[in-house]
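Written below as structure tokens is the structure these notes are about.
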Amino acid sequence: MTPDLHVSEGYVEVRGGRVWYQVLGDGIGIPLVTIHGGPGGTHDYLEPLGALADERQVVFYDQLGAGKSDIPDDVSLWTNDRLVEEVEAVLDAVGSPRVHLLGQSWGTIVGAEYALRSPERLASLVLSDPCLSIPRFAAATAALRAALPADVQAILARHEAAGTTASEEYQEASMEFYRRHVCRLDPWPDALMRTFGQLNLTIYERMQGPSEFVITGIHKDYDVTDRLGGLTVPTLFMCGRYGETRPEETKYYQSLVPGSEAVIFEESSHLPHLEEPARYAQVLREFLHRCD
């Protein structure tokens with residue numbers, strides 16, 4: 001991040017509490033608003049996208065229950081519909097009549113739903129590492145898990161059968177999957193470690209499940225693919241070659257959106273903005289220029 005960038009922060013009231021947001025830069029380009037994944041994650045791991053704040057405002061926020069935002073006890077708040085409401089509140093706080101909207105991972109669900117409901121507020125939509133069909137995502141992660149070493153698979157299966165997925169051994173075995181298909185950097189960047197360190201497991205387990213490849217949460221049947229043809233804003237899909245949101249699924253989603261584009265990052269897994277930051281920023285910057 002350029003040290004002399006203008007930075008402002010604030011809170012916006014949403015159903016259930018206050019959401020923290022940050023605006024980087026004061027350039028004249030249409031602002032870029034980012035939606036982090038998780039669910040239950042924080043904005044920290046998206047910080048490299050601040051590189052685009054040299055020419056436009058870049059907006060980060062922590063979803064309710066995460067990071068610097070309020071953390072209420074009402075579990076009924078953790079739904080995709082409420083997360084979409086939250087986007088509207090953040091956009092109102094930013095105050096720009098139109099924005100570019102970027103969702104990453106679970107944030108692509110929120111971004112796509114918002115774009116379908118309020119396309120008039122968007123100059124473009126970026127769906128990075130999309131999981132727009134949880135059944136398809138589950139099938140993909142099952143296939144990737146089946147390629148893990150046999151001893152790792154045995155540990156995972158034993159703890160899942162025993163209901164001990166919170167154990168240290170299960171978490172260590174899960175890391176073998178994460179190192180291959182979530183982030184292939186070694187060591188993991190500080191920004192990513194900060195997001196993992198703040199992950200709200202109550203939200204994650206309620207909406208997703210105990211891990212990336214055991215999906216038992218309330219949205220396990222979510223699938224927006226039959227509505228993607230209704231997207232009317234310029235749309236860019238991106239993913240990594242080795243990511244858990246695989247190129248196969250990403251290209252399928254892209255095929256359903258008229259006029260959309262897709263870019264695959266050949267040296268990345270689920271987080272190409274961290275794994276190939278220079279190329280990712282260039283691809284994103286060029287797309288936003290075309291849509292400004």
Side-chain angles (χ1 to χ4, degrees), residues 1-74 77-111 113-115 117-126 128 190-192 194-200 202-203 273 281 284 288 292:
M1 185 188 306
T2 306
D4 57 355
L5 280 176
H6 180 265
V7 182
S8 61
E9 298 182 2
Y11 287 89
V12 59
E13 292 285 341
V14 301
R15 180 157 55 100
R18 299 180 311 154
V19 162
W20 171 90
Y21 68 94
Q22 180 186 71
V23 182
L24 295 182
D26 53 9
I28 62 173
I30 295 173
L32 171 66
V33 176
T34 64
I35 308 173
H36 67 74
T42 67
H43 80 286
D44 299 74
Y45 78 105
L46 293 178
E47 286 176 350
L49 301 184
L52 279 73
D54 59 345
E55 58 189 20
R56 69 184 71 246
Q57 292 180 330
V58 176
V59 180
F60 300 107
Y61 71 97
D62 288 335
Q63 293 159 15
L64 189 69
K68 298 178 181 179
S69 295
D70 288 348
I71 304 178
D73 296 325
D74 183 0
L77 293 166
W78 315 132
T79 67
N80 286 329
D81 282 341
R82 197 207 55 77
L83 290 173
V84 175
E85 289 178 21
E86 197 172 82
V87 174
E88 185 83 10
V90 171
L91 296 194
D92 288 345
V94 172
S96 178
R98 294 175 77 229
V99 303
H100 300 287
L101 193 62
L102 181 149
Q104 197 279 329
S105 193
W106 197 283
T108 63
I109 294 174
V110 184
E113 288 285 356
Y114 186 84
R117 301 177 197 191
S118 302
E120 70 282 354
R121 296 199 71 171
L122 302 186
S124 75
L125 176 66
V126 180
S128 186
D190 173 70
L192 180 58
R194 278 186 275 122
T195 285
F196 266 80
Q198 299 175 81
L199 181 66
N200 187 324
T202 300
I203 299 174
H273 68 280
L284 179 56
L288 299 185
D292 271 342

Assess whether side-chain contact (heavy atoms from CB on, under 4.5 Å) is satisfied between Y114 and L125, documenting all intermediate values. CA-CA 10 Å; Y114 186 84; L125 176 66; over 6 Å; no
d(S124 OG, L32 CG) to nearest 0.5 Å is 7.5 Å
First locate atom CG of D54, then atom CG of L5, and finally report the distance between them rounded to the nearest 0.5 Å. 7.5 Å
Kindly indicate whether the side chain of L288, heavy atoms from C-beta on, has any atom under 4.5 Å from the side chain of I30. no
Taking all atoms of both residues into account, what is the closest heavy-atom pair of L77 and P72, and its distance? CD1-CG, 3.6 Å
Roughly how far apart are S69 OG and Y11 OH, rounded to 0.5 Å? 7.0 Å
Are N80 and E113 side-chain neighbours, meaning at least one heavy-atom pair lies under 4.5 Å? no
Give, for atom OH of Y61 and atom CG of L91, the distance between the pair rounded to the nearest 0.5 Å. 8.0 Å
The test is side-chain contact (heavy atoms from CB on, under 4.5 Å); show your working for L122 and V99 and say whether it passes. CA-CA 5 Å; L122 302 186; V99 303; 3.8 Å; yes
Under 6.0 Å between ring centres, would you say that holds for H273 and Y45? yes
Counting only N and O atoms by type, is there a donor-acceptor contact under 3.5 Å from the side chain of E86 to the main-chain atoms of L64? yes
Residue pairs passing the salt bridge (Lys or Arg N to Asp or Glu O under 4.0 Å) test with at least one member in residues 91-105, sequence neighbours excluded, are D92-R121
Give a yes or no on whether the backbone of K68 and the side-chain of D62 come within a donor-acceptor separation of less than 3.5 Å. yes
Separation of Q63 CD from W78 CH2 (nearest 0.5 Å): 9.5 Å
If you measure only the distance, is there a donor-acceptor pair under 3.5 Å linking the side chains of D292 and H100? yes
V14 to A89 - nearest heavy-atom pair and separation: CG1-CB, 3.8 Å
Before you tell me yes or no, could you show the steps for L83 and I109 under side-chain contact (heavy atoms from CB on, under 4.5 Å), namely the whole-Å CA-CA distance, both residues' side-chain angles and the distance that decides it to 0.1 Å? CA-CA 9 Å; L83 290 173; I109 294 174; over 6 Å; no
What's the spacing between T34 OG1 and L52 CG if we round to 0.5 Å? 11.0 Å
Nearest non-hydrogen partners of G40 and A66, listed with the distance: O-CB, 4.1 Å
Contacts satisfying salt bridge (Lys or Arg N to Asp or Glu O under 4.0 Å) that involve residues 9-38 (not counting sequence neighbours) are R15-E85, R18-D70
Are E47 and R194 ion-paired here, with the side-chain N under 4.0 Å from a carboxylate O? yes
Between E88 and S118, is the side-chain contact (heavy atoms from CB on, under 4.5 Å) condition met? List the steps. CA-CA 9 Å; E88 185 83 10; S118 302; 3.9 Å; yes
Take D44 and T42, measure what side-chain hydrogen bond (donor to acceptor under 3.5 Å, both in side chains) needs, and give me the verdict at the end. CA-CA 6 Å; D44 299 74; T42 67; 2.6 Å; yes
Looking at W106 and G38, what are the two nearest heavy atoms and their distance? CB-N, 4.0 Å
